[in-house]
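These notes are about the structure you will find just below.
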There are 2 protein chains.
Amino acid sequence: MDKKSNHPAPKCGIDYAFQRIGGKYKGRILWRLRNGTMRYGELRRTVTGVTSKMLTQALRELEDDCLIVRQVYIEVPPRVEYTLTDTGKELLPFLQLLRDWAKHQMQINDILAMP
Amino acid sequence: MDKKSNHPAPKCGIDYAFQRIGGKYKGRILWRLRNGTMRYGELRRTVTGVTSKMLTQALRELEDDCLIVRQVYIEVPPRVEYTLTDTGKELLPFLQLLRDWAKHQMQINDILAMP
DNA sequence: CTGTATCCAAGCGGATACTG
DNA sequence: CAGTATCCGCTTGGATACAG
């Protein structure tokens with residue numbers, strides 16, 4: 001009943017996509033998962049600045065959107081692993097290109113910022 | 001005039017990129033400009049749902065980030081045209097990929113939503 | 001036509017404490 | 001370890017009015 005209706009009406013493809021990966025941490029989470037499975041704690045440590053609340057929220061939304069899979073192991077201590085779905089993996093080339101573009105721009109900015 | 005305060009410290013490339021194109025309308029604005037110059041009113045009409053306030057704000061930030069160019073023509077009635085910079089054009093292939101991915105996903109969702 | 005200015009509601013996101 | 005719960009400030013963004 002508390003199911004979020006947070007995708008009211010995507011008007012176009014670009015909109016649809018940004019609703020799914022445009023959050024503050026979602027892109028970085030997906031990028032972290034590019035090499036395979038990661039645990040909750042690993043993500044919290046490597047996605048710098050994220051709090052458990054925001055991480056959980058982002059992971060839930062990514063799961064609802066079928067971009068990642070949540071696997072729970074019933075053991076002590078508890079273990080939860082996250083993995084990209086096939087759909088999620090399809091986003092990796094895009095993220096790769098985006099990151100390359102960003103790194104290039106950041107270099108230019110660094111040069112321009114030199115005194 | 002504290003315009004630049006919203007880019008505190010991009011920690012990684014993905015973050016940097018989303019700060020620049022991750023707003024609610026920025027992706028769609030850039031995409032609208034893919035075929036060339038557009039006027040303010042054209043953008044307001046075609047980027048559905050945007051208000052003049054948000055459109056102006058997004059355009060200013062994109063201009064500050066050197067992704068678009070704002071050209072003002074001193075005439076009556078006034079005319080202002082926006083165009084992608086070379087840096088902005090470099091984003092088009094990524095937006096294209098993203099939109100293709102999104103359209104594909106939207107089709108799947110439509111099929112799944114069928115009664 | 002191309003914006004500004006102002007008000008205001010919603011929700012994002014951070015800090016902290018707590019649970020199974 | 002992997003989360004929930006709660007509080008709350010700040011930003012985002014919508015509506016409306018108005019200006020050059």
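Quick caveat, the model's predicted, so the values are computed rather than measured. Below, read A as the first sequence line, B as the second, and so on, with proteins coming before strands; counting in each chain starts at 1.
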Figure out the [atom1]/[atom2] separation between [X] and [N], and round it to whole Å.
X     : N      : atom1 : atom2 : result
A:E42 : D:dA2  : CD    : P     : 8 Å
A:R45 : D:dG3  : CZ    : P     : 13 Å
A:M38 : D:dC1  : CE    : P     : 14 Å
A:I29 : C:dG13 : CD1   : P     : 11 Å
A:L43 : D:dA2  : CG    : P     : 10 Å
B:Q57 : D:dA15 : CD    : P     : 15 Å
A:M54 : D:dC8  : CE    : C1'   : 14 Å
A:I74 : D:dA2  : CD1   : C1'   : 12 Å

*Tell me what B:Y73 touches on the nucleic acid: a base, only sugar-phosphate, or nothing, going by heavy atoms under 4.0 Å.*
nothing
For residues 86-106 of chain A, which side-chain donor-acceptor pairs fall under 3.5 Å, sequence neighbours excluded?
none

*asked:* Of the listed nucleotides (D:dC1, C:dT2, D:dG14), which one gets closest to any side-chain atom of B:K24?
replied: D:dG14
*Supply the atom-to-atom distance B:R45 CZ to B:E42 CD, rounded to the nearest 0.5 angstrom.*
6.0 Å
*Taking atom CG of B:L84 and atom CE of B:M38, what is their separation to the nearest 0.5 Å?*
11.0 Å
*With sequence neighbours left out, which residue pairs that include part of residues 29-39 of chain A fulfil the side chain to side chain donor-acceptor pair (under 3.5 Å) condition?*
A:T37-A:T83
*Taking only side-chain nitrogens and oxygens of A:R79, does any of them come within less than 4.0 Å of OP1 or OP2 of D:dA2?*
no
Going by the rule side chain to side chain contact (heavy atoms under 4.5 Å, CB included), which residues pair with [X] if we only count those two or more places apart in sequence or in a different chain?
X      : result
B:Q107 : none
B:V50  : B:Y25, B:R44, B:V47, B:M54, B:L55
A:V76  : none

*Report the hydrophobic cluster partners of A:I108, with the cluster defined as I, L, V, M, F, W, Y residues connected by side-chain heavy atoms closer than 4.5 angstrom, directly or transitively.*
A:L112
Pairwise N/O distances under 3.5 Å, protein to nucleotides 3-8 of chain C:
| unit_1 | atom_1 | unit_2 | atom_2 | d |
| --- | --- | --- | --- | --- |
| C:dG3 | OP1 | B:R70 | NE | 3.4 |
| C:dG3 | OP1 | B:R70 | NH2 | 2.4 |
| C:dG3 | OP2 | B:Y82 | OH | 2.8 |
| C:dT4 | OP1 | B:R60 | NH2 | 3.0 |
| C:dT4 | O4 | B:S52 | OG | 3.3 |

_Difference in axis direction between the ends of the helix from C:dC1-D:dG20 to C:dG20-D:dC1, five pairs, 10°_ = 50°
*How would you list, by chain and number, every residue that makes a side chain to side chain donor-acceptor pair (under 3.5 Å) with B:Q71, sequence neighbours excluded?*
none
